[in-house]
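Since the structure comes first, as C-alpha coordinates, the remarks are kept for the end.
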Amino acid sequence: MVLLLVVLCCTISTIKSQDTIHLTSNKSIIFFSKKITVIDNRDYTNELGKIKSFDKDVWKKVELNTPFINSLTYLNDSIASRINLTQEYIINIQSLYVQENRIKGSSTQYGRIAYQADYYIKNKDLTYSKVYTADTSGIVSTYLLPISLAFELKNIFNYAMIKSKNSSSKGPSVTMDNIKQTPKLPEYYNDFFSENRADGLYYTWEQLLKNEPQLSNYKIKGIKNIGQIELQDTLTRKKIKIPLFQLFAYIQNGILYKCTRFGSFTLLNYQHNFYYVGFNESHFTSLPDTYNSKKVKKKGGLTLLPLDIESQRYLFKLNPINGKSIIICSVTPNDDISKILQQITH
(Lines give C-alpha, C1' and ligand atoms only; values in the text may rest on other atoms or scores of the structure.)
Protein backbone atom coordinates (compact mmCIF):
# COMPACT_ATOMS: atom_id res chain seq x y z
CA MET A 1 0.00 0.00 0.00
CA VAL A 2 1.33 3.36 -0.94
CA LEU A 3 1.58 5.73 1.99
CA LEU A 4 -0.82 8.58 1.53
CA LEU A 5 0.93 11.88 1.09
CA VAL A 6 0.07 13.98 4.09
CA VAL A 7 -1.06 17.44 3.12
CA LEU A 8 -1.92 20.26 5.45
CA CYS A 9 -4.82 22.45 4.49
CA CYS A 10 -5.57 25.40 6.74
CA THR A 11 -9.22 26.34 6.93
CA ILE A 12 -9.71 29.59 8.78
CA SER A 13 -13.24 29.94 10.07
CA THR A 14 -14.37 33.23 11.50
CA ILE A 15 -17.15 31.43 13.38
CA LYS A 16 -15.35 28.48 14.96
CA SER A 17 -11.85 29.99 14.84
CA GLN A 18 -10.07 26.76 14.02
CA ASP A 19 -7.43 25.25 11.75
CA THR A 20 -8.08 21.87 10.17
CA ILE A 21 -5.35 19.29 9.60
CA HIS A 22 -6.00 17.08 6.58
CA LEU A 23 -4.11 13.89 7.36
CA THR A 24 -6.32 11.85 5.04
CA SER A 25 -9.75 11.83 3.45
CA ASN A 26 -12.92 9.95 4.29
CA LYS A 27 -12.62 8.06 1.01
CA SER A 28 -9.07 6.91 1.76
CA ILE A 29 -9.89 5.78 5.29
CA ILE A 30 -11.99 2.91 3.93
CA PHE A 31 -8.91 1.19 2.52
CA PHE A 32 -6.63 -0.26 5.17
CA SER A 33 -5.60 -3.79 6.08
CA LYS A 34 -6.40 -3.61 9.82
CA LYS A 35 -2.91 -4.50 11.00
CA ILE A 36 -3.13 -1.57 13.38
CA THR A 37 -5.73 -0.96 16.09
CA VAL A 38 -5.74 2.52 17.59
CA ILE A 39 -7.18 3.12 21.06
CA ASP A 40 -7.95 6.72 21.94
CA ASN A 41 -7.22 7.08 25.67
CA ARG A 42 -6.84 10.86 25.60
CA ASP A 43 -8.60 12.56 28.48
CA TYR A 44 -9.59 15.64 26.47
CA THR A 45 -10.87 15.13 22.93
CA ASN A 46 -12.40 18.54 22.15
CA GLU A 47 -9.36 19.70 20.20
CA LEU A 48 -6.00 18.55 18.88
CA GLY A 49 -4.18 21.70 19.91
CA LYS A 50 -3.97 25.48 19.73
CA ILE A 51 -1.96 27.82 17.52
CA LYS A 52 -1.87 31.58 17.09
CA SER A 53 -3.71 33.03 14.10
CA PHE A 54 -1.71 34.94 11.50
CA ASP A 55 -3.98 37.96 11.30
CA LYS A 56 -4.95 38.37 14.96
CA ASP A 57 -3.20 37.68 18.23
CA VAL A 58 -5.74 35.04 19.31
CA TRP A 59 -5.58 31.29 19.89
CA LYS A 60 -7.27 28.99 17.40
CA LYS A 61 -8.20 25.34 17.87
CA VAL A 62 -6.52 22.66 15.78
CA GLU A 63 -8.75 19.80 14.65
CA LEU A 64 -8.64 16.87 12.22
CA ASN A 65 -10.80 16.89 9.13
CA THR A 66 -11.75 13.23 9.71
CA PRO A 67 -12.55 11.15 12.85
CA PHE A 68 -9.52 10.75 15.12
CA ILE A 69 -9.38 6.94 15.36
CA ASN A 70 -10.10 6.43 11.66
CA SER A 71 -7.39 8.90 10.64
CA LEU A 72 -4.73 7.54 12.99
CA THR A 73 -5.58 3.93 12.14
CA TYR A 74 -5.34 4.47 8.40
CA LEU A 75 -2.16 6.51 8.61
CA ASN A 76 -0.33 4.08 10.90
CA ASP A 77 -1.58 1.09 8.92
CA SER A 78 -0.16 2.68 5.78
CA ILE A 79 3.19 3.15 7.50
CA ALA A 80 3.12 -0.46 8.71
CA SER A 81 2.57 -1.69 5.16
CA ARG A 82 5.37 0.48 3.81
CA ILE A 83 7.92 -0.86 6.31
CA ASN A 84 6.72 -4.46 5.83
CA LEU A 85 5.26 -4.86 9.29
CA THR A 86 3.42 -8.17 9.18
CA GLN A 87 2.21 -8.59 12.78
CA GLU A 88 -0.79 -6.90 14.36
CA TYR A 89 -0.26 -3.98 16.70
CA ILE A 90 -2.28 -1.91 19.16
CA ILE A 91 -1.41 1.77 19.64
CA ASN A 92 -2.78 3.10 22.92
CA ILE A 93 -2.67 6.91 22.61
CA GLN A 94 -2.63 8.86 25.87
CA SER A 95 -1.77 12.27 24.44
CA LEU A 96 -1.59 13.87 21.01
CA TYR A 97 -1.52 17.62 21.31
CA VAL A 98 -0.04 20.51 19.34
CA GLN A 99 0.69 23.96 20.71
CA GLU A 100 2.57 26.91 19.35
CA ASN A 101 5.00 28.41 21.86
CA ARG A 102 8.59 29.53 22.06
CA ILE A 103 11.93 28.43 23.40
CA LYS A 104 13.06 30.40 26.42
CA GLY A 105 15.60 33.03 25.41
CA SER A 106 14.38 33.15 21.80
CA SER A 107 11.68 35.16 20.06
CA THR A 108 11.07 32.41 17.47
CA GLN A 109 7.73 30.63 17.69
CA TYR A 110 7.79 26.83 17.55
CA GLY A 111 5.23 24.10 17.29
CA ARG A 112 5.36 21.51 20.04
CA ILE A 113 3.79 18.14 19.31
CA ALA A 114 3.19 16.10 22.46
CA TYR A 115 2.69 12.49 21.44
CA GLN A 116 2.57 9.89 24.20
CA ALA A 117 1.49 6.36 23.26
CA ASP A 118 2.20 2.72 24.06
CA TYR A 119 2.76 0.23 21.23
CA TYR A 120 1.70 -3.40 21.77
CA ILE A 121 2.37 -6.41 19.55
CA LYS A 122 -0.15 -9.25 19.27
CA ASN A 123 0.98 -12.64 20.60
CA LYS A 124 -0.05 -16.07 19.37
CA ASP A 125 -2.34 -16.57 22.38
CA LEU A 126 -4.27 -13.40 21.44
CA THR A 127 -2.67 -11.37 24.25
CA TYR A 128 -0.48 -8.30 23.69
CA SER A 129 3.00 -7.29 24.82
CA LYS A 130 4.28 -3.73 25.03
CA VAL A 131 7.25 -3.16 22.74
CA TYR A 132 7.67 0.61 22.71
CA THR A 133 6.53 3.81 24.44
CA ALA A 134 6.55 6.99 22.35
CA ASP A 135 7.03 10.33 24.10
CA THR A 136 7.83 13.41 22.04
CA SER A 137 6.66 16.01 24.57
CA GLY A 138 10.16 17.47 24.88
CA ILE A 139 11.10 17.60 21.19
CA VAL A 140 11.15 20.77 19.08
CA SER A 141 9.05 19.73 16.11
CA THR A 142 8.68 22.67 13.77
CA TYR A 143 8.80 26.42 13.45
CA LEU A 144 6.78 26.58 10.23
CA LEU A 145 3.34 26.27 11.75
CA PRO A 146 0.88 25.59 10.34
CA ILE A 147 2.56 24.76 7.01
CA SER A 148 4.57 21.70 8.05
CA LEU A 149 2.42 20.44 10.93
CA ALA A 150 0.89 17.45 9.15
CA PHE A 151 4.27 16.44 7.75
CA GLU A 152 5.77 16.55 11.24
CA LEU A 153 2.97 14.34 12.58
CA LYS A 154 3.63 11.80 9.85
CA ASN A 155 7.32 11.71 10.73
CA ILE A 156 6.55 11.14 14.41
CA PHE A 157 4.22 8.21 13.63
CA ASN A 158 6.73 6.78 11.17
CA TYR A 159 9.60 6.94 13.66
CA ALA A 160 7.51 5.33 16.43
CA MET A 161 6.40 2.49 14.15
CA ILE A 162 9.98 1.73 13.11
CA LYS A 163 11.08 1.73 16.76
CA SER A 164 8.22 -0.64 17.58
CA LYS A 165 9.24 -3.00 14.79
CA ASN A 166 12.83 -3.10 16.04
CA SER A 167 12.03 -3.35 19.76
CA SER A 168 11.61 -6.44 21.89
CA SER A 169 8.80 -7.19 24.32
CA LYS A 170 8.68 -5.19 27.55
CA GLY A 171 6.60 -6.33 30.49
CA PRO A 172 3.94 -9.02 30.93
CA SER A 173 1.29 -9.98 28.38
CA VAL A 174 -2.06 -8.20 28.68
CA THR A 175 -5.47 -8.49 27.08
CA MET A 176 -7.24 -6.00 24.87
CA ASP A 177 -9.53 -5.07 27.79
CA ASN A 178 -6.50 -4.38 30.00
CA ILE A 179 -5.14 -1.94 27.43
CA LYS A 180 -8.46 -0.18 26.97
CA GLN A 181 -8.93 0.39 30.69
CA THR A 182 -7.45 3.65 31.91
CA PRO A 183 -5.79 3.14 35.31
CA LYS A 184 -6.88 5.40 38.17
CA LEU A 185 -5.49 6.13 41.60
CA PRO A 186 -6.23 3.35 44.09
CA GLU A 187 -9.38 4.21 46.04
CA TYR A 188 -7.79 3.88 49.46
CA TYR A 189 -5.22 6.57 48.70
CA ASN A 190 -7.79 9.29 48.06
CA ASP A 191 -8.90 10.16 51.61
CA PHE A 192 -5.71 11.80 52.86
CA PHE A 193 -6.73 15.10 51.21
CA SER A 194 -9.39 15.61 53.87
CA GLU A 195 -7.85 13.67 56.75
CA ASN A 196 -4.23 14.78 56.67
CA ARG A 197 -3.77 18.38 57.84
CA ALA A 198 -0.09 18.01 58.71
CA ASP A 199 2.57 19.45 56.43
CA GLY A 200 4.95 17.09 54.67
CA LEU A 201 7.36 16.66 51.76
CA TYR A 202 7.18 13.92 49.11
CA TYR A 203 10.42 13.21 47.28
CA THR A 204 9.00 10.45 45.05
CA TRP A 205 5.72 9.41 43.42
CA GLU A 206 5.64 6.29 45.59
CA GLN A 207 5.80 8.36 48.78
CA LEU A 208 2.84 10.40 47.59
CA LEU A 209 0.74 7.35 46.72
CA LYS A 210 1.43 5.77 50.10
CA ASN A 211 1.04 9.12 51.86
CA GLU A 212 4.41 8.72 53.56
CA PRO A 213 5.89 12.25 53.58
CA GLN A 214 9.38 12.95 54.85
CA LEU A 215 10.12 15.67 57.40
CA SER A 216 6.57 15.37 58.68
CA ASN A 217 7.64 17.00 61.94
CA TYR A 218 8.36 20.23 60.05
CA LYS A 219 5.91 23.05 59.47
CA ILE A 220 6.01 24.75 56.07
CA LYS A 221 6.44 28.48 56.65
CA GLY A 222 6.17 29.54 53.02
CA ILE A 223 7.82 29.72 49.58
CA LYS A 224 10.81 32.04 49.21
CA ASN A 225 12.17 33.50 45.98
CA ILE A 226 11.03 31.49 42.96
CA GLY A 227 11.05 28.03 44.43
CA GLN A 228 12.65 27.72 47.85
CA ILE A 229 10.42 26.07 50.40
CA GLU A 230 11.10 27.21 53.98
CA LEU A 231 10.37 24.81 56.84
CA GLN A 232 10.61 25.00 60.61
CA ASP A 233 11.08 22.04 62.95
CA THR A 234 8.14 21.99 65.35
CA LEU A 235 10.37 20.65 68.15
CA THR A 236 13.69 22.51 67.83
CA ARG A 237 12.35 25.58 65.96
CA LYS A 238 15.25 25.12 63.52
CA LYS A 239 14.60 26.44 59.99
CA ILE A 240 15.78 24.93 56.71
CA LYS A 241 15.29 25.75 53.01
CA ILE A 242 14.89 23.19 50.22
CA PRO A 243 14.63 23.88 46.44
CA LEU A 244 11.19 22.89 45.17
CA PHE A 245 12.56 21.08 42.14
CA GLN A 246 14.21 18.53 44.46
CA LEU A 247 10.72 17.46 45.58
CA PHE A 248 7.95 15.59 43.79
CA ALA A 249 5.16 17.21 45.81
CA TYR A 250 4.32 18.65 49.22
CA ILE A 251 1.24 19.01 51.38
CA GLN A 252 0.50 22.20 53.33
CA ASN A 253 -2.59 22.62 55.51
CA GLY A 254 -4.20 19.66 53.75
CA ILE A 255 -3.60 21.08 50.24
CA LEU A 256 -1.41 19.10 47.88
CA TYR A 257 1.04 20.78 45.46
CA LYS A 258 3.07 19.41 42.53
CA CYS A 259 6.66 20.67 42.50
CA THR A 260 8.47 21.69 39.33
CA ARG A 261 11.48 23.74 38.28
CA PHE A 262 9.08 26.67 37.78
CA GLY A 263 7.37 26.62 41.16
CA SER A 264 4.55 24.59 42.68
CA PHE A 265 1.03 24.04 41.36
CA THR A 266 -2.09 22.78 43.11
CA LEU A 267 -2.82 19.10 42.52
CA LEU A 268 -6.48 18.38 41.82
CA ASN A 269 -7.98 14.98 42.50
CA TYR A 270 -10.63 14.62 39.78
CA GLN A 271 -12.33 11.30 39.04
CA HIS A 272 -9.59 9.49 40.99
CA ASN A 273 -6.76 11.03 38.95
CA PHE A 274 -4.30 13.83 39.69
CA TYR A 275 -4.35 16.93 37.45
CA TYR A 276 -2.44 20.22 37.66
CA VAL A 277 -1.86 23.31 35.53
CA GLY A 278 1.79 24.18 35.02
CA PHE A 279 4.68 24.57 32.61
CA ASN A 280 6.37 21.84 30.59
CA GLU A 281 9.94 21.93 31.83
CA SER A 282 11.29 20.19 28.74
CA HIS A 283 9.98 23.04 26.56
CA PHE A 284 12.64 25.39 27.86
CA THR A 285 16.30 25.42 26.92
CA SER A 286 18.78 24.08 29.45
CA LEU A 287 21.00 26.43 31.40
CA PRO A 288 24.11 27.43 29.39
CA ASP A 289 26.79 27.57 32.08
CA THR A 290 27.80 26.54 35.59
CA TYR A 291 27.30 30.02 37.03
CA ASN A 292 23.64 30.17 36.07
CA SER A 293 23.12 26.57 37.20
CA LYS A 294 24.35 27.47 40.69
CA LYS A 295 22.21 30.61 40.62
CA VAL A 296 19.08 28.60 39.84
CA LYS A 297 19.91 26.02 42.51
CA LYS A 298 20.25 28.81 45.07
CA LYS A 299 17.00 30.49 44.07
CA GLY A 300 15.11 27.24 43.67
CA GLY A 301 13.80 27.71 40.14
CA LEU A 302 13.78 29.56 36.83
CA THR A 303 12.13 32.91 36.14
CA LEU A 304 9.30 33.22 33.64
CA LEU A 305 8.41 36.06 31.30
CA PRO A 306 4.80 37.19 30.64
CA LEU A 307 4.89 35.53 27.20
CA ASP A 308 5.94 32.26 28.82
CA ILE A 309 3.02 32.38 31.22
CA GLU A 310 0.55 32.90 28.39
CA SER A 311 1.81 30.38 25.87
CA GLN A 312 3.50 27.63 27.85
CA ARG A 313 0.87 26.51 30.36
CA TYR A 314 -0.67 23.06 30.05
CA LEU A 315 -3.15 20.93 31.93
CA PHE A 316 -1.24 17.83 33.04
CA LYS A 317 -2.39 14.46 34.33
CA LEU A 318 -0.10 12.31 36.45
CA ASN A 319 0.24 8.79 35.13
CA PRO A 320 -1.11 6.58 37.97
CA ILE A 321 1.48 3.91 37.18
CA ASN A 322 4.71 5.92 37.24
CA GLY A 323 3.77 9.48 38.26
CA LYS A 324 5.03 11.04 35.01
CA SER A 325 3.15 14.02 33.58
CA ILE A 326 0.89 13.54 30.55
CA ILE A 327 -0.11 16.62 28.52
CA ILE A 328 -3.89 16.93 28.29
CA CYS A 329 -4.27 20.33 26.61
CA SER A 330 -2.89 23.84 26.69
CA VAL A 331 -4.32 26.48 28.99
CA THR A 332 -4.56 29.98 27.54
CA PRO A 333 -5.87 33.11 29.31
CA ASN A 334 -9.44 32.61 28.07
CA ASP A 335 -9.71 28.94 29.10
CA ASP A 336 -11.86 27.82 32.01
CA ILE A 337 -10.07 25.01 33.88
CA SER A 338 -13.21 23.78 35.65
CA LYS A 339 -15.03 23.53 32.31
CA ILE A 340 -12.16 21.56 30.77
CA LEU A 341 -12.15 19.13 33.68
CA GLN A 342 -15.89 18.63 33.30
CA GLN A 343 -15.27 17.62 29.68
CA ILE A 344 -12.71 14.95 30.61
CA THR A 345 -13.80 11.73 28.91
CA HIS A 346 -12.73 9.24 31.59
Side-chain angles (χ1 to χ4, degrees), residues 1-11 13 16 18-51 60-99 111 113-122 128 131-134 136 141 146 148-165 175-182 326-329 343-346:
M1 181 185 296
V2 179
L3 177 64
L4 178 71
L5 179 62
V6 182
V7 181
L8 176 66
C9 177
C10 300
T11 305
S13 171
K16 294 185 178 181
Q18 67 185 38
D19 273 16
T20 303
I21 306 175
H22 288 253
L23 289 178
T24 185
S25 66
N26 281 313
K27 183 177 180 180
S28 299
I29 284 175
I30 301 174
F31 304 100
F32 55 86
S33 61
K34 297 184 179 180
K35 293 177 184 175
I36 306 298
T37 299
V38 173
I39 298 176
D40 185 6
N41 257 330
R42 296 175 300 156
D43 283 56
Y44 188 64
T45 58
N46 285 27
E47 62 191 50
L48 200 66
K50 288 190 180 78
I51 61 175
K60 296 167 59 178
K61 289 184 177 182
V62 178
E63 298 180 349
L64 289 179
N65 66 311
T66 50
F68 182 87
I69 291 182
N70 291 358
S71 298
L72 272 292
T73 300
Y74 174 79
L75 184 59
N76 282 285
D77 191 80
S78 299
I79 295 172
S81 297
R82 185 173 61 83
I83 64 174
N84 298 319
L85 200 68
T86 57
Q87 292 177 279
E88 295 183 30
Y89 278 74
I90 287 180
I91 304 176
N92 183 23
I93 299 178
Q94 297 175 322
S95 175
L96 179 56
Y97 199 84
V98 178
Q99 184 179 349
I113 302 175
Y115 179 57
Q116 292 166 279
D118 293 324
Y119 286 67
Y120 296 83
I121 191 171
K122 189 174 183 180
Y128 295 85
V131 292
Y132 180 66
T133 297
T136 66
S141 297
S148 61
L149 180 53
F151 181 74
E152 294 286 351
L153 285 170
K154 184 193 77 169
N155 284 340
I156 288 174
F157 301 146
N158 185 75
Y159 176 81
M161 193 66 71
I162 292 175
K163 291 289 290 185
S164 298
K165 179 181 179 181
T175 65
M176 171 77 82
D177 290 337
N178 294 145
I179 299 174
K180 287 182 177 180
Q181 292 174 355
T182 303
I326 301 172
I327 289 178
I328 303 301
C329 64
Q343 296 171 334
I344 294 296
T345 57
H346 301 306

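Numbers for residues simply follow the sequence, beginning at 1.
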Closer than 3.5 angstrom, by distance alone: can the side chain of [X] be matched with the main-chain N or O of [Y] as a donor-acceptor pair?
X    : Y    : answer
T182 : N41  : no
S95  : I327 : yes
K163 : Y132 : no

Side chains of [X] and [Y]: does their closest heavy-atom pair fall under 4.5 Å?
X    : Y    : result
Y97  : V62  : no
T37  : Y120 : no
I36  : L72  : no
R42  : L48  : yes
I179 : Y128 : yes

Which residue, L85, I156, D77, forms the side chain to side chain contact (heavy atoms under 4.5 Å, CB included) with M161?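 Only one of L85, I156, D77 forms a side chain to side chain contact (heavy atoms under 4.5 Å, CB included) with M161, namely L85.
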
Option passing side chain to side chain contact (heavy atoms under 4.5 Å, CB included) with V38 (candidates I90, L75, N92, I93):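 Single pass found, and it is I93.
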
Supply the atom-to-atom distance [X] [atom1] to [Y] [atom2], rounded to the nearest 0.5 angstrom.
X    : Y   : atom1 : atom2 : result
L96  : I91 : CG    : CD1   : 11.0 Å
S78  : I83 : OG    : CD1   : 11.5 Å
K61  : D19 : NZ    : CG    : 13.0 Å
C329 : D43 : SG    : CG    : 9.5 Å
I39  : Q94 : CD1   : CD    : 11.0 Å
I162 : R82 : CD1   : CZ    : 6.5 Å

For the residue pair S164 and Y89, what are the closest heavy atoms and their distance?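 Nearest pair, atom of S164 first, then Y89: O-OH, 3.6 Å.
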
Determine the minimum heavy-atom distance between I113 and V98, stating which atoms define it.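 Nearest heavy atoms, I113 then V98: CG1-CG2, 4.1 Å.
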
Distance only, no hydrogens: is a donor on one side chain within 3.5 Å (strictly under) of an acceptor on the other, for T73 and N70?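 Short answer, no.
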
Which residues pass the salt bridge (charged side-chain N to carboxylate O under 4.0 Å, His left out) test with K122, not counting sequence neighbours?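 E88.
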
